[in-house]
**Q** 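Attaching a single structure in structure tokens format; questions to follow.
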Amino acid sequence: MKAIVWSKDSCSFSTQAKALLESKGIEYEERNVSQNWTREQLLEAVPMARTLPQIFLDQEFVGGFTELRKKLAE
């Protein structure tokens, strides 16, 4: 399983999502819109994104941290 985490600096939910993935041993690619990625690139991937993080698991859109936590609890 591999994840993509769209995040930004100083976002506690992004930090929690990455920590959860690490605790489950799930590899992830971080796409930080405060650093190397743009908001436009985020909106191409998730057109309705209004908050961060935005998370994909195995190329399937999951949502934010709360949705990720629910998905991994299944």
Side-chain angles (χ1 to χ4, degrees):
M1 186 175 289
K2 183 166 174 150
I4 295 174
V5 180
W6 287 90
S7 66
K8 69 177 180 179
D9 293 344
S10 304
C11 172
S12 64
F13 288 113
S14 294
T15 302
Q16 291 177 63
K18 292 182 289 185
L20 177 59
L21 291 167
E22 288 171 7
S23 75
K24 299 282 187 181
I26 299 172
E27 260 185 71
Y28 67 88
E29 174 189 342
E30 181 176 10
R31 296 185 178 179
N32 189 316
V33 297
S34 302
Q35 296 175 18
N36 302 325
W37 295 83
T38 66
R39 181 169 173 75
E40 289 75 23
Q41 289 170 309
L42 164 63
L43 291 174
E44 274 184 40
V46 188
M48 300 304 290
R50 297 289 175 258
T51 61
L52 289 168
Q54 295 294 317
I55 303 162
F56 289 81
L57 278 179
D58 288 336
Q59 302 180 359
E60 175 189 339
F61 179 66
V62 174
F65 171 67
T66 303
E67 292 81 11
L68 175 66
R69 191 173 54 200
K70 287 178 187 173
K71 177 92 173 164
L72 294 178
E74 293 174 353

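Note that these values count all heavy atoms, side chains included, but never hydrogens, waters or copies made by symmetry.
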**Q** Would you call the rings of F65 and F13 parallel, tilted or perpendicular if under 30° counts as parallel and over 60° as perpendicular?
**A** tilted
**Q** Do the charged groups of K24 and E22 touch, with an N to O distance under 4.0 Å?
**A** no
**Q** Kindly give the heavy-atom pair with the smallest separation between L52 and C11, and that separation in Å.
**A** O-SG, 3.6 Å
**Q** Check the pair K2 / F56 against side chain to side chain contact (heavy atoms under 4.5 Å, CB included), numbers first and verdict last.
**A** CA-CA 8 Å; K2 183 166 174 150; F56 289 81; over 6 Å; no
**Q** Test: side chain to side chain donor-acceptor pair (under 3.5 Å). Region: residues 40-58. Which pairs qualify, not counting sequence neighbours?
**A** T38-Q41
**Q** Taking the side chain as everything from C-beta on, heavy atoms only, tell me whether E60 gets closer than 4.5 Å to K71.
**A** yes
**Q** Could you state the interatomic distance from CE (M1) to CG (L72), rounded to the nearest 0.5 Å?
**A**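 Atom-to-atom, M1:CE and L72:CG are 7.0 Å apart.
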**Q** I'd like to know if the side chain of Q35 reaches the main chain of N32, judged simply by a donor and an acceptor atom lying under 3.5 Å from each other, with no hydrogens or angles considered.
**A** no
**Q** Do W37 and L42 come close enough that some side-chain heavy atom pair is under 4.5 Å?
**A**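 The answer is no; the side chains never approach within 4.5 Å.
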**Q** Contact between L68 and L57 at the side-chain level, heavy atoms closer than 4.5 Å - yes or no?
**A**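 Side-chain contact under 4.5 Å: yes.
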**Q** I'd like to know if the side chain of S34 reaches the main chain of K8, judged simply by a donor and an acceptor atom lying under 3.5 Å from each other, with no hydrogens or angles considered.
**A**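 Answer holds: no.
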**Q** Taking a hydrophobic cluster as the set of Ile, Leu, Val, Met, Phe, Trp and Tyr residues connected by side-chain heavy atoms closer than 4.5 Å, whether directly or through intermediates, do L43 and V33 fall within one such cluster?
**A**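 The answer is no; the residues belong to distinct hydrophobic clusters.
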**Q** Say whether W6 and Y28 are linked into one hydrophobic cluster, either directly or through other cluster members, by side-chain heavy-atom distances under 4.5 angstrom.
**A** no
**Q** Who pairs with T15 by side chain to side chain contact (heavy atoms under 4.5 Å, CB included), at least two apart in sequence or on another chain?
**A** none
**Q** Applying side chain to side chain contact (heavy atoms under 4.5 Å, CB included), run through L20 and R69 and close with a yes or a no.
**A** CA-CA 8 Å; L20 177 59; R69 191 173 54 200; 4.2 Å; yes
**Q** Before giving the answer on side chain to side chain contact (heavy atoms under 4.5 Å, CB included), spell out for I4 and R31 the whole-Å C-alpha distance, their side-chain angles and the decisive distance to 0.1 Å.
**A** CA-CA 7 Å; I4 295 174; R31 296 185 178 179; 3.7 Å; yes
**Q** Is the closest side-chain heavy-atom distance between I55 and E67 below 4.5 Å?
**A**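 Of all side-chain heavy-atom pairs linking E67 with I55, none is under 4.5 Å.
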**Q** Give a yes or no on whether E27 atom CD has more than 12 heavy-atom contacts from other residues, nucleotides or ligands under 6.0 Å away.
**A** no
